[in-house]
Amino acid sequence: MSDSAASIRVLVADDQRVTREGLMLLIGLNEGMEVVGGAADGAEAVALAHEHRPDVVLMDLAMPGTDGVAATRTLREEAPGVAVLVLTTYADDSSVFPALRAGAKGYLTKDAGADEIERAIRAVHGGRIWMDPVVQERLIAVVTAADPQSMGGTVPGGSTQGSPAAVSHPTQPSQAAQALPPSQASQSAWDVSAPSAERLTARETEILTLIAEGLSNAEISERLFLSRATVKTHVNRVFAKTGARDRAQAVRYAYRSGLVG
């Protein structure tokens, strides 16, 4: 491994000990990276960041006490040189937009592979933005549906590398789309900006149909012989592609799209 002075110093924050320690081990194996600590919640992440001066904090969002969004906001204010890379289970609007507004420079879901996590760490350390493909799709859907003036001309949290900045929508924005300034970006313009059902994969369509039937993730897992983690990933992708903020909106989308009747 390279000399520690030249290494990317990484702090891992996740309340699940197995996940946290696994990530610390995984990141420590990468050349040019040094893990300087692990935190079980947001408050500890902030405290350890002040103590160890990491370059990058790999931040979970759903943690007890001080959550990842609050910790990210505090780090932006108190340690602006630290780049926060979110690594979480969820990719819904209520998770993505608050994290980006708080100052996160990257956003990954926990189905990301080791190589992608490594690339993301190097990217945010280098001053670039790194987004999970599902998050990129949702950001683009929101931006293309919203009035560029109300969006301030940029994607919330900054434009992603390789993705367009805010784009004018060819038609008059609906009331839902107009409700998407940064202060209210977690409100989805799902009913006007969502991609068509054809963009869903066969598996995602199957998942959406089962959601519409009222099945829980656990029941879908049993029905399709998939792990609950895999089902959750598919559900997140369905939400992202349809623009739904919750299962009720996903069901409505399924009926309006003719997937169920």
Side-chain angles (χ1 to χ4, degrees), residues 60-64 67-70 86-102 104 107-111 131-146 151 155-157 173-224 226-261:
D60 188 20
L61 293 183
M63 295 185 289
D67 64 17
V69 171
V86 170
L87 180 65
T88 189
T89 303
Y90 306 102
D92 55 285
D93 288 4
S94 61
S95 299
V96 173
F97 288 112
L100 296 182
R101 289 199 302 271
Y107 198 108
L108 291 175
T109 56
K110 286 186 175 177
D111 60 338
M131 296 292 163
D132 182 278
V134 171
V135 175
Q136 288 191 40
E137 288 181 9
R138 186 65 200 124
L139 289 173
I140 293 170
V142 168
V143 169
T144 55
M151 292 294 292
V155 177
S174 70
Q175 292 180 350
Q178 291 172 338
L180 278 165
S183 63
Q184 302 178 37
S186 63
Q187 298 182 19
S188 169
W190 73 278
D191 55 341
V192 294
S193 67
S196 64
E198 286 73 23
R199 293 192 61 185
L200 296 175
T201 66
R203 177 65 83 184
E204 290 162 355
T205 300
E206 187 176 25
I207 294 285
L208 178 55
T209 301
L210 294 176
I211 291 174
E213 291 179 8
L215 273 65
S216 66
N217 284 8
E219 291 168 333
I220 294 173
S221 174
E222 293 178 2
R223 175 79 65 88
L224 300 182
L226 299 172
S227 71
R228 293 190 184 188
T230 298
V231 170
K232 183 180 291 185
T233 296
H234 284 306
V235 170
N236 281 337
R237 292 183 184 277
V238 167
F239 284 5
K241 288 186 177 183
T242 64
R245 287 186 288 125
D246 52 37
R247 298 176 90 87
Q249 288 191 349
V251 170
R252 184 180 176 189
Y253 179 90
Y255 276 94
R256 291 181 63 177
S257 300
L259 296 178
V260 294

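The chain is numbered in sequence order, starting from 1.
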J.: Does the side chain of K110 come within less than 4.5 Å of D60's, by heavy atoms?
T.: yes
J.: Looking at every non-hydrogen atom in both residues, tell me the closest pair between A250 and L208 and how far apart they are.
T.: O-CD1, 3.4 Å
J.: Taking all heavy atoms of V134 and all of A91, pick out the closest pair and write down the distance.
T.: CG1-CB, 4.2 Å
J.: Going by heavy atoms in the side chains, are F239 and D93 under 4.5 Å from each other?
T.: no
J.: Walk me through whether T205 and V238 qualify under side-chain contact (heavy atoms from CB on, under 4.5 Å).
T.: CA-CA 8 Å; T205 300; V238 167; over 6 Å; no
J.: Of all residues at least two apart in sequence or in a different chain, which pass the side chain to side chain contact (heavy atoms under 4.5 Å, CB included) check with E222?
T.: none
J.: Looking at T230 and L226, would you say the former's side chain and the latter's main chain have a donor-acceptor pair under 3.5 Å?
T.: no
J.: The test is side-chain contact (heavy atoms from CB on, under 4.5 Å); show your working for D67 and L61 and say whether it passes.
T.: CA-CA 6 Å; D67 64 17; L61 293 183; over 6 Å; no
J.: Once side chain to side chain contact (heavy atoms under 4.5 Å, CB included) is applied, do any residues pair with N217, and if so which ones, sequence neighbours excluded?
T.: V231, K232, V235, R247
J.: Applying side-chain contact (heavy atoms from CB on, under 4.5 Å) to T242 and Q249, what does each step give before you reach the verdict?
T.: CA-CA 9 Å; T242 64; Q249 288 191 349; over 6 Å; no
J.: For the residue pair E213 and R223, what are the closest heavy atoms and their distance?
T.: OE1-NH1, 4.0 Å
J.: Return the CG to CD distance between L224 and E206, rounded to the nearest 0.5 Å.
T.: 4.5 Å
J.: Please check: side-chain N/O of N236 versus main-chain N/O of T89, any donor-acceptor pairing under 3.5 Å?
T.: yes
J.: For the backbone of T201 and the side chain of E204, can you confirm whether one donor and one acceptor N or O come within less than 3.5 Å of each other?
T.: yes
J.: At what distance, to the nearest 0.5 angstrom, does CG of L139 lie from CG of L100?
T.: 6.0 Å
J.: Between V251 and I211, which heavy-atom pair has the shortest distance, and what is it?
T.: CG2-O, 3.8 Å
J.: Does D111 have any side chain to side chain contact (heavy atoms under 4.5 Å, CB included) partners at least two apart in sequence or in another chain, and if so, which?
T.: T109, D132, T233, R237
J.: Do you know which two heavy atoms are closest between Y107 and T88, and how far apart they sit?
T.: OH-CG2, 3.3 Å
J.: From S257 OG over to L200 CG, what is the distance, rounded to the nearest 0.5 angstrom?
T.: 8.0 Å
